[in-house]
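Not measured: the values here are computed from a predicted model. Lettering of chains follows the sequences in order, A, B, ..., and the numbering in each one begins at 1.
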Amino acid sequence: MEEKIDKIFKDVIGAGPEVDRAILVYGEIPGWDSVAHMALVAALEQEFDCMLDMDDILDMSSYAKSIEIMKKYV
Amino acid sequence: MSDPLDLGGRVAVVTGASRGIGAAIARVLASHGANLIISGFQNSDRLTSFAAELAAEHGVSVEVHTGHIAEPSTSSALAKIAFSKYRRLDIWVNNAGILKDGLIGMVPDADINETLGVNLAGVLHGTQAAARLMQRAQSGSIVNLTSIIGRVGNTGQLVYGASKAGVIGATLSAAKELAPQSIRVNAVAPGFIDTDMVRQLPADKYDERLQSIGMGRIGTPQEIADAVLFLASDLSRYVTGQVIGVDGGMVI
């Protein structure tokens, strides 16, 4: 699961494996703005064939949180 | 050439579909081939039998959900039915609405909250839920039911008018934000339409309203549904951010 999420972060946010996962925070790292956030959600939903709850979309504020939330859907 | 009104294989959500305008909208969309997810707040039995009737008459699939449209969880549940059963959503009609008249200074807080919750917040929740599914396919049509009162106002309709004017504002904003994704957002503004809602009016008020209609007659739910069909179908594929009055030339 994490490999797939890593690829989505690379494709959507532009944060490849060389970027420290700890600094991947919404609104702080360049490239992760509100528009990118919706694209990230769409990519995650597409990849894992699910539909995220609104609360989870709003809570998905970091890479670590993304992993934690997506565990509920796989 | 394919029929631009053909909705075969498409999936539509209609809120407030148990009676009146919502039921007419559900019927017209089903008659053009759309699979439906219909919702209502009460009358679960009526909604279920209506769904069975539409499915049998038109050979489409009809799912039912009951819930309070002012609660975000209701729209979310409707979108999840579309996702889990069809993996797509093409049309979302925000129809559910209530009418509680009251003169300024005499409107209870509870009526304000309930009217804004159902008529306006319900549309906002529905728009958010619909847009998320439609964004996947980069297409879709959201149709909001506003009212002539939301455009021109009326005595005794402070809250109703505010809620329906809010629907117009939401329609225009959503149309702008979602146009790049080819998701269209439009509104229909009915005038005086023959539903249970207007039958609550005293006889003198009813006659007064009739006299304000250029065409001299009350409208039918079918006439509203036909406008919704236009906006839901490919016939309006380049139309977004519009409010279509369906009021027979009513002047308030």
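Contacts of L52(A) with chain B are made by both backbone and side-chain atoms, with heavy-atom separations under 4.5 Å.
Residues of residues 5-21 of chain B never come closer than 4.5 Å to chain A when only heavy atoms are counted.
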Suppose we count any N or O donor within 3.5 Å of an acceptor, strictly below that value; which pairs fall between chain B and chain A?
from	atom 1	to	atom 2	distance (Å)
K80(B)	NZ	D53(A)	OD1	2.0
R87(B)	NE	D49(A)	OD1	2.7
R87(B)	NE	D49(A)	OD2	3.3
R87(B)	NH2	D49(A)	OD2	2.7
R132(B)	NH1	L52(A)	O	2.9
R132(B)	NH2	E45(A)	OE2	2.2
R132(B)	NH2	L52(A)	O	3.0
R136(B)	NH2	E45(A)	OE1	3.0
R136(B)	NH2	C50(A)	O	2.7

Can I get a per-line list of side-chain donor-acceptor pairs under 3.5 Å for residues 40-51 of chain B, giving both atom names and the distance, sequence neighbours left out?
from	atom 1	to	atom 2	distance (Å)
T48(B)	OG1	S44(B)	O	2.8
S49(B)	OG	D45(B)	O	3.3
S49(B)	OG	R46(B)	O	3.1

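Sorted by first then second residue, the ring pair (Phe, Tyr, Trp, His ring centres under 6.0 Å) pairs that include residues 157-190 of chain B, not counting sequence neighbours, number zero.
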